[in-house]
Amino acid sequence: MRKWLVSLLVIASAIFGMLVGFEQANAASKPHYTITTDSTYPPFEFQSKNGKYIGIDMDMLKAIAKEEGFTYTLKPMSFNAGVQAVQAGQVDGILAGMTITDERKQTFDFSEPYYKTGVVVAISAKDKTVKSLKDLKGKTVALKTGTAGATYAESIQKKYGFKVTYYNDSNIMYNAVITGNAVAAFEDQPVMLYAIKQGTALKIISKQVANGGWYGFGVKKGSQAALLKSFNAGYKKIVADGTYDKIVNKYLGDTGVNYKEVKADSSRDDSTSFVSIFNENRSALLNGLIKTIELTVLGVVLASIWGILLGVMGVVPSKFIQGLSATIIYIFRGLPMLVLAFFIYIGIPNVTGQRIPAFTAGIITLILNEGAYIGAFVRGGFMSVDPGQMEAARSLGMPYGKAMRKVVMPQGIRLMIPSFINQFIITLKDTSLLSAIGIIELTQTGTLIIARNLQGFKVWLMVAALYLIVITLLTWLSNWVEKRLK
């Protein structure tokens with residue numbers, strides 16, 4: 001039994017060693033950087049129909065990189081997660097409509113300011129009761145975590161007596177107002193103007209821009225001096241040759257607008273049938289589904305190995321090993337999976353200074369979290385086997401380890417097959433949480449599509465349907481396995 005247990009430990013250690021292998025240094029002659037962006041923040045950054053990231057920030061970065069001769073990899077994630085990723089050293093910089101503030105200067109070095117912005121307040125286009133900030137008293141407003149709009153709203157909250165609720169992306173914040181879950185949203189002026197022109201059913205009640213500030217490209221304080229220097233030099237070049245103005249005008253046009261005159265662009269192609277939206281985004285949805293299945297299959301297989309090891313440790317005749325198994329299961333079942341993902345992807349690099357790829361961090365999260373649940377029911381499955389089976393095997397002269405392998409484990413695992421299938425389904429759904437660390441799986445794909453076409457209900461219906469199809473297939477598999485076992 002000890003030799004078998006040691007072998008399992010060696011296998012598990014080898015798997016973990018492969019998973020935590022860090023990214024290799026880029027061997028290309030050109031400098032290469034990893035830059036994070038908020039992928040749902042049009043018109044500054046969003047995904048086009050063909051899957052490419054476009055917008056003012058994205059087009060500007062592409063032009064600067066071309067001028068300065070460096071290459072880059074984009075890591076799209078929520079703004080708040082992106083800020084933490086830079087601070088942890090997981091990425092080299094952030095370009096995501098980030099307002100330069102004195103507080104952020106404590107932990108970030110910023111480029112030359114590249115866009116002047118400010119905060120406006122918007123309400124539902126159908127709302128006729130709210131006309132000014134005074135009318136928000138006692139009501140709930142929607143804010144996007146970590147943004148200038150949130151900071152401004154928090155600064156005036158006591159004065160106007162409103163409540164606040166937070167969201168991680170702009171589209172969900174807008175829909176909270178449209179559906180009545182919040183009465184108003186605080187957002188950067190150009191972003192709100194663009195959203196309204198694209199058909200979002202909101203209207204601006206601000207008479208003027210508040211809390212004006214500048215956007216800047218940010219890197220971790222005291223690091224990436226060469227990248228910051230290249231960005232500044234390239235920015236000056238594209239301003240001088242007119243490229244920057246062309247980029248801004250492409251997405252915003254004339255910004256000197258009267259808010260009362262801002263309406264949806266009637267020339268926009270609004271082919272919004274369910275079939276047309278699906279056909280337009282079929283490739284993106286398929287890629288998101290494939291990534292989800294990859295995470296699920298790899299996560300379940302490795303989590304099962306780890307879970308079986310924990311289950312075996314829980315029944316061996318050693319109080320120390322049993323206690324170790326119980327402690328590991330207790331810790332990783334008790335931690336919310338999202339917290340665990342952030343701890344692995346952002347927390348550990350903060351301490352070690354080494355980067356962990358998002359996919360690797362996601363797999364490790366699934367192994368530790370799902371493996372703890374598997375370990376619990378594996379231990380229960382082994383203990384549910386009649387103790388007389390072990391006693392009979394030992395009375396025939398079998399060593400404990402051989403009796404476990406030949407008698408107890410086959411019966412226990414047979415009882416656990418339905419639980420394994422059920423855990424497969426749970427893992428499939430849990431992969432959606434990994435979008436928070438920048439993995440573009442099915443749920444995040446839906447978010448990216450909505451940021452572009454603003455068809456939230458129809459897109460989420462498609463995403464839900466794809467999940468249900470896969471889960472139904474897994475349920476049929478579970479029923480078939482149960483019948484075969486009987």
Side-chain angles (χ1 to χ4, degrees), residues 31-41 44-45 53 55-58 60-61 64-65 68 70 72-119 143-155 166 168-170 186-188 190-191 211-236 239 244 342-343 345-356 358 436-438:
H32 185 83
Y33 303 103
T34 302
I35 297 172
T36 186
T37 186
D38 180 349
S39 55
T40 58
Y41 198 59
F44 288 90
E45 41 264 337
Y53 290 97
I56 295 173
D57 285 351
M58 299 295 94
M60 181 177 66
L61 178 61
I64 290 173
E68 291 299 299
F70 66 82
Y72 59 90
T73 298
L74 279 175
K75 295 290 290 184
M77 59 183 71
S78 70
F79 178 77
N80 199 38
V83 169
Q84 294 180 62
V86 175
Q87 294 171 331
Q90 282 282 62
V91 295
D92 300 309
I94 178 169
L95 186 64
M98 186 176 184
T99 306
I100 301 171
T101 65
D102 290 336
E103 184 179 9
R104 287 175 177 161
K105 285 181 179 178
Q106 302 299 314
T107 52
F108 284 88
D109 288 328
F110 285 99
S111 67
E112 293 291 328
Y114 67 83
Y115 191 90
K116 184 70 161 52
T117 186
V119 178
L143 308 177
K144 185 176 177 181
T145 307
T147 61
T151 301
Y152 173 63
E154 291 161 355
S155 70
Y166 295 90
N168 278 330
D169 69 71
S170 297
F186 286 68
E187 180 65 285
D188 284 3
V191 179
N211 206 37
W214 286 89
Y215 286 160
F217 172 64
V219 300
K220 186 177 181 180
K221 195 170 185 66
S223 68
Q224 301 300 335
L227 171 58
L228 205 58
K229 183 178 179 181
S230 290
F231 186 94
N232 285 332
Y235 172 69
K236 289 179 181 178
V239 168
Y244 176 78
F342 277 122
F343 176 77
Y345 185 66
I346 294 173
I348 293 177
N350 256 317
V351 176
T352 64
Q354 296 290 335
R355 295 183 180 183
I356 301 178
I437 60 173

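Owing to the predicted nature of the structure, the values given are computational and were not obtained by experimental measurement. The basis for the numbers below is simple: all heavy atoms, side chains too, and nothing from hydrogens, waters or symmetry mates.
- For the atom pair OG1 of Thr99 and CG of Asp188, the computed distance is 5.0 Å after rounding to the nearest 0.5 Å.
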| field | From CA spacing to verdict: side chain to side chain contact (heavy atoms under 4.5 Å, CB included), Leu95, Met60 | value | CA-CA 10 Å; Leu95 186 64; Met60 181 177 66; 4.1 Å; yes
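- Ring orientation note: the planes of Tyr244 and Tyr235 are nearly perpendicular, at an angle over 60° on the 30°/60° scale.
- Without hydrogens or angle criteria, Asn232 side chain to Glu112 main chain gives a donor-acceptor distance under 3.5 Å.
- The nearest pair of heavy atoms linking Ala81 to Phe342 is CB-CE2, 3.8 Å.
- Side-chain contact check for Lys144 versus Asp38: some heavy-atom pair is nearer than 4.5 Å.
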| request: Show the numbers, then the answer: is there a side chain to side chain contact (heavy atoms under 4.5 Å, CB included) between Thr145 and Phe79? | output: CA-CA 8 Å; Thr145 307; Phe79 178 77; over 6 Å; no
| Candidate pair Arg355 and Asp92, rule salt bridge (charged side-chain N to carboxylate O under 4.0 Å, His left out), full reasoning | CA-CA 11 Å; Arg355 295 183 180 183; Asp92 300 309; 2.2 Å; yes
| said: Could you walk me through whether Phe110 and Lys105 satisfy the side chain to side chain contact (heavy atoms under 4.5 Å, CB included) test, starting with their C-alpha distance in whole Å, then the side-chain angles of each, then the deciding distance to 0.1 Å, before giving a yes or no? | reply: CA-CA 7 Å; Phe110 285 99; Lys105 285 181 179 178; 4.1 Å; yes
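- In this structure, Thr117 and Pro190 have side chains that are in contact, with non-hydrogen atoms separated by less than 4.5 Å.
- The heavy-atom pair separating Ile346 from Ala88 by the smallest distance is O-CB, 3.3 Å.
- When each of Val91, Val83, Thr73, Leu74 is paired with Thr36, the side chain to side chain contact (heavy atoms under 4.5 Å, CB included) condition holds for Val91 and for no other.
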| message | Evaluate Tyr115 against Phe44 for side chain to side chain contact (heavy atoms under 4.5 Å, CB included), listing each step before the verdict. | response | CA-CA 10 Å; Tyr115 191 90; Phe44 288 90; 3.9 Å; yes
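- Looking at Lys116 and Trp214, their side chains come closer than 4.5 Å, going by heavy atoms from C-beta outward.
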| request: Report the C-alpha separation of Asp57 and Tyr114 in whole Å, then their side-chain angles, then the decisive distance to 0.1 Å, and conclude whether the side chain to side chain donor-acceptor pair (under 3.5 Å) test is met. | output: CA-CA 10 Å; Asp57 285 351; Tyr114 67 83; 2.8 Å; yes
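- At least one side-chain heavy atom of Ile35 sits less than 4.5 Å from a side-chain heavy atom of Leu61.
- The minimum heavy-atom distance linking Ile437 with Met77 is given by the pair O-CE, 3.7 Å.
- Summarising the geometry of Lys75 relative to Ala358, their closest heavy-atom pair is NZ-CB, 3.7 Å, with the distance given to 0.1 Å.
- Interatomic distance, Ile56 CD1 to Tyr41 OH, rounded to the nearest 0.5 Å: 10.5 Å.
- Taking CD1 of Ile94 as the start and CZ of Arg104 as the end, the distance is 8.5 Å to the nearest 0.5 Å.
- The aromatic rings of Phe231 and Phe217 lie parallel to each other, their planes meeting at an angle below 30°, with 60° marking the opposite boundary.
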